[in-house]
There are 2 protein chains.
Amino acid sequence: MADSTDGHSAAAVAFLLAQLGEHAAAKFAERIHPLQLTPAHAGILRLVAVQPGCSQQALARTLGALPSKVVTLVDDLQQRGLIERRRNPDDRRLHALHLTTAGTELLRKVRAAAESHGADLTRALDPQQRDNLAALLGCIAADQHLHPGIHPGYQRLRR
Amino acid sequence: MADSTDGHSAAAVAFLLAQLGEHAAAKFAERIHPLQLTPAHAGILRLVAVQPGCSQQALARTLGALPSKVVTLVDDLQQRGLIERRRNPDDRRLHALHLTTAGTELLRKVRAAAESHGADLTRALDPQQRDNLAALLGCIAADQHLHPGIHPGYQRLRR
DNA sequence: TATGAATCATTCGAGAATCGAACAATGTGG
DNA sequence: CCACATTGTTCGATTCTCGAATGATTCATA
């Protein structure tokens with residue numbers, strides 16, 4: 001049966017997760033800062049690459065973000081020529097989002113930064129340990145109903 | 001030698017960490033919300049319990065937070081009778097911080113909430129997996145020079 | 001077909017949060 | 001005695017964030 005340190009151990013894991021998560025997010029933000037991107041921008045870029053032609057409303061629903069926030073993020077990316085708003089002839093209310101070639105190019109650099117970031121973050125582990133960690137984290141993520149590839153940071157804060 | 005999926009796998013771990021970290025932090029904030037505390041308040045409470053009589057400046061240095069932010073947090077806690085500012089006769093510039101009995105009482109509830117939160121977060125793992133996860137996370141935390149028990153969320157954002 | 005309701009993108013103002021530069025009080029060293 | 005550092009605090013300015021409007025468009029339905 002479980003011993004008396006279980007509660008403590010679980011709490012320690014939870015704190016380590018919060019601590020390392022914040023650290024990982026901050027380090028990643030540093031990595032893409034030279035690209036003049038925030039993590040929020042990078043997430044939009046990635047999602048538009050995965051679902052070309054999606055609407056901003058769909059994006060907001062997927063991310064759990066406010067539509068008005070998506071507007072400003074897409075504004076930034078469009079102004080820099082990384083993303084396109086195309087009118088959809090079938091439903092002229094919505095804007096179909098597409099990456100430009102510059103956007104695709106920059107996303108490649110974001111991916112490279114993410115891999116470099118991941119390698120640096122996990123450099124203390126050997127490949128087997130890293131796979132083991134990935135599996136354990138995947139278990140928790142699935143159990144907690146986290147959507148793969150969706151960072152909760154977009155979600156509006158409840159009060 | 002490492003195969004070509006290494007970079008991808010490491011990036012996936014980094015993203016999972018950021019994702020789960022944000023999730024864990026949000027869930028913990030929900031847990032202590034009924035106690036009218038934010039995670040930042042709870043951290044101050046815990047640190048004052050560990051280092052009774054510490055000054056606010058020392059607190060700010062330990063947390064990497066702005067002194068002015070510590071002031072407002074301590075203000076809140078003092079106003080609720082959870083913490084005391086005692087004048088130090090030896091150096092009357094600084095305020096020695098101490099928990100009141102109500103503060104100690106509330107910290108107990110915070111700890112209970114943290115354990116309950118940890119148990120819920122890691123319920124998908126058996127005890128052995130949980131210990132394994134704790135060890136792996138501890139490796140990374142040590143390698144990345146994270147201070148035990150200090151959440152990076154206090155640190156002022158660089159720009 | 002006509003008309004009210006719903007959806008999409010966007011704007012905008014109010015409120016909150018955050019920073020860092022001041023400031024007074026106190027201590028330290030010359 | 002004087003200059004300088006430290007502690008705690010205040011405060012104004014900047015930035016962030018939310019959600020309620022708005023206009024354009026589409027849908028539902030009578």
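Here is how names work: the chains are called A, B, and so on, in the same order as the sequence lines, proteins then strands, and each is numbered from 1. What you are looking at is a predicted structure, and each value in this text was computed from that prediction instead of being measured.
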What is the distance, to the nearest angstrom, from the [atom1] atom on [X] to the [atom2] atom on [N]?
X: Asp76(A); N: dT15(D); atom1: CG; atom2: C1'; result: 14 Å
X: Arg92(A); N: dT25(D); atom1: CZ; atom2: P; result: 5 Å
X: Gln57(A); N: dC27(D); atom1: CD; atom2: C1'; result: 16 Å
X: Arg61(B); N: dT6(D); atom1: CZ; atom2: P; result: 9 Å
X: Leu59(B); N: dT9(D); atom1: CG; atom2: C1'; result: 16 Å
X: Leu66(B); N: dT14(D); atom1: CG; atom2: C1'; result: 14 Å
X: Gln79(A); N: dT10(C); atom1: CD; atom2: P; result: 13 Å
X: Leu73(B); N: dT18(C); atom1: CG; atom2: C1'; result: 12 Å

* Asked: Can you check whether Arg87(A) has a side-chain N or O nearer than 4.0 Å to OP1 or OP2 of dC8(C)?
  ->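 Checking Arg87(A) against dC8(C): no side-chain N or O falls below 4.0 Å of OP1 or OP2.
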* **Toward the 5' end of DNA chain D, by each residue's nearest nucleotide, Tyr154(A) or Ala58(B)** =>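 Counting from the 5' end, the first nearest nucleotide belongs to Ala58(B).
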* To do: Mind telling me whether His117(A) and Phe28(A) have parallel, tilted or perpendicular rings, with 30° and 60° as the class edges?
  =>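 It falls in the tilted class, 30° to 60°.
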* **Name of the residue among Val48(B), Leu73(B), Asp76(B) meeting side chain to side chain contact (heavy atoms under 4.5 Å, CB included) with Ile83(B)** =>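 Among the candidates, only Val48(B) passes.
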* Give the minimum heavy-atom separation between Thr100(A) and Gly81(A), together with the two atoms involved. =>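 In terms of heavy atoms, the two residues are closest at OG1-O, 2.6 Å.
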* Any idea which heavy atoms bring Gln56(A) and Val74(A) closest together, and the distance? ->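 Closest approach of Gln56(A) to Val74(A), heavy atoms only: OE1-CG1, 3.9 Å.
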* Asked: Which nucleotide, dA9(C), dG8(D), dT18(C), lies nearest any side-chain atom of Lys69(B)?
  ->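 So the side chain of Lys69(B) is nearest to dT18(C).
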* Consider the side chain of Leu94(A), meaning its heavy atoms from C-beta on, and name the nucleotide among dT10(C), dC8(C), dG8(D) that approaches it most closely. =>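 It is dC8(C).
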* So, Asp75(B) and Lys69(B), do they make that salt bridge, N to O below 4.0 Å? ->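 A salt bridge is absent here (no side-chain N lies under 4.0 Å from a carboxylate O).
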* Does the dT6(D) base have a donor-acceptor partner in the side chain of Arg93(B) within less than 3.5 Å? ->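 Side chain to base: pair present.
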* Name the nucleic acid region contacted by Ser68(B), choosing base, sugar-phosphate or nothing; use a 4.0 angstrom heavy-atom cut-off, strictly under. =>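 Ser68(B): base contact, heavy atoms under 4.0 Å.
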